[in-house]
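The structure appears right after this line, and notes come after that.
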There are 2 protein chains.
Amino acid sequence: MSLRLLLVDDDVLVRSGLRVILESEPDLTVVGDAGTGREALDAAARTDPDVVLMDVRMPDMDGIAATAELVARDPRRPRVLVLTTFEDDDYLFRSLQAGASGFALKRSDPDELVDAIRVVARGTSLVLPDLTRRLIASHAPSRARGAAALPELTGREADVLRLVAGGLSNAEIAGRMHLSRETVKTHVSGVLLKLGARDRTQAVIAAYESGFMTA
Amino acid sequence: MSLRLLLVDDDVLVRSGLRVILESEPDLTVVGDAGTGREALDAAARTDPDVVLMDVRMPDMDGIAATAELVARDPRRPRVLVLTTFEDDDYLFRSLQAGASGFALKRSDPDELVDAIRVVARGTSLVLPDLTRRLIASHAPSRARGAAALPELTGREADVLRLVAGGLSNAEIAGRMHLSRETVKTHVSGVLLKLGARDRTQAVIAAYESGFMTA
DNA sequence: CTCCTCCTCCCCCGCGCGGGGGACCCGGTT
DNA sequence: AACCGGGTCCCCCGCGCGGGGGAGGAGGAG
């Protein structure tokens, strides 16, 4: 029993491209497509798809609104996988809040996309790699509000973090601590790893949010 | 070619239960198990699994730390799927920050779990339904305007500073604000100038110290 | 009308940063 | 004895950042 798909995108080229890719999978069938959110609602009602691949930016009702309407009609019948070219956090959050089951970039590998479709069809929500990381990054700051002590930093790492959070560069920290730049970098790297920070800015944020600075 | 799995949980019963469930899938093979984070690192080095099913709460190095270490060794080789009985947001965030590819509850359906394993093995990150919703819910809007602490800042500059202090890169800010990188850089430069900061790190410090972040 | 601020986007360029290696010493465990 | 974690120092490399410059449009104030 094959999965019934509905493609929604205002760009005809994208629709036909997707169609070719998806139809080459034996267990997937494209049962319809639409170029606007409003058309998507009609098409969904007619074709009763398992999964809707939904673009975000569209004329005449965007993908978010269309998703919200589909979910309102029946929260479990057509699963919605939001598809966009933009690495746009705002869309991500709003899409999922509207009730989308997943979110993927158009630039992802065909394999990855097909994977995502099957997963979503099963009723499992997912967000592809990059986006997930971003989701977490943007949440991170509000995380440790009050509690959640920092992971076990070594003595030197804690010293370095204090100076990093004082706005000093690696060279300045080296001078202040009578160390070489390389050593400071080693410690900074250790701090970043343990705090799950991408750069010193995120480390400083973690330091403040965790109460490390006020303690 | 079958997927090689490593089970990590301090409870032997859980390990054997999982083993039975997973071995019944023809394309899954359990190549080892461990009862602590430290053991997990050893076992991973020996058995070179595709996916590690990792418990969070464990004696002698918890799942988060073990995950971080595995990812540090090789960010793509053993994918880590964090498994827990607790619907604990903090674990969720910290696990994924440590570099886990996914997160699932032990109480999920076997099918769902098996699904998740296959997806993660492909290199796709995922968070199961309930958790995703929670993740979004907790990402409350930092959209709050007004109460402008640093008053010399223009509206745009304040917006940008908020995101900089959220740990985002210029490119990410551009994405979220629907702007070009250049424009973001312009605003960041303005912020740095007005705050007397040398780089974004010092700007974040100023933002925290001035009460800009708590207002 | 002009002037000015704010917002938007573009170029080039130097440099600090962070990741990848590796190396050595020391002290405590095993 | 071998081992390991913490601390120190070194290399190379890619890239994001921040500064320099310029430019156009929208809107308010004079």
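Chain naming here is simple, since letters A, B, ... match the order of the sequence lines and numbering starts at 1 in each. What you are looking at is a predicted structure, and each value in this text was computed from that prediction instead of being measured.
For the salt bridge (charged side-chain N to carboxylate O under 4.0 Å, His left out) test, no residue two or more places apart in sequence or in another chain qualifies with A/Glu182. A/Glu25 meets the side-chain hydrogen bond (donor to acceptor under 3.5 Å, both in side chains) test with A/Arg118; sequence neighbours excluded. Take A/Arg38 and apply the side chain to side chain contact (heavy atoms under 4.5 Å, CB included) test, not counting sequence neighbours, and it matches A/Thr36, A/Asp60, A/Met61. For A/Ser189, there are no side chain to side chain contact (heavy atoms under 4.5 Å, CB included) partners, not counting sequence neighbours. The side-chain hydrogen bond (donor to acceptor under 3.5 Å, both in side chains) check on B/Glu209 picks up A/Tyr208, with sequence neighbours excluded. Residues passing the side-chain hydrogen bond (donor to acceptor under 3.5 Å, both in side chains) test with B/Thr186: none are found, sequence neighbours excluded. Residues passing the salt bridge (charged side-chain N to carboxylate O under 4.0 Å, His left out) test with A/Arg181, sequence neighbours excluded: none. Listed by chain and number, the residues in a side chain to side chain contact (heavy atoms under 4.5 Å, CB included) with A/Asp42 are A/Arg46 (sequence neighbours excluded). With sequence neighbours left out, A/Leu192 forms a side chain to side chain contact (heavy atoms under 4.5 Å, CB included) with A/Val188, A/Ala197, A/Ala203.
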Taking N or O atoms only and anything under 3.5 Å, show me the protein contacts with nucleotides 24-26 of chain D, one pair per line.
none

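Summary for the helix from C/dC1-D/dG30 to C/dT30-D/dA1: the axes at its two ends, each from 5 pairs, differ by 30° when rounded to the nearest 10 degrees.
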Scoring nucleotides 5-19 of chain D by protein non-hydrogen atoms under 4.0 Å (B base, S sugar-phosphate only, - none) yields -SSBBBB-----SBB
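A salt bridge does not link B/Asp50 with B/Arg79: none of the charged nitrogens is closer than 4.0 Å to a carboxylate oxygen.
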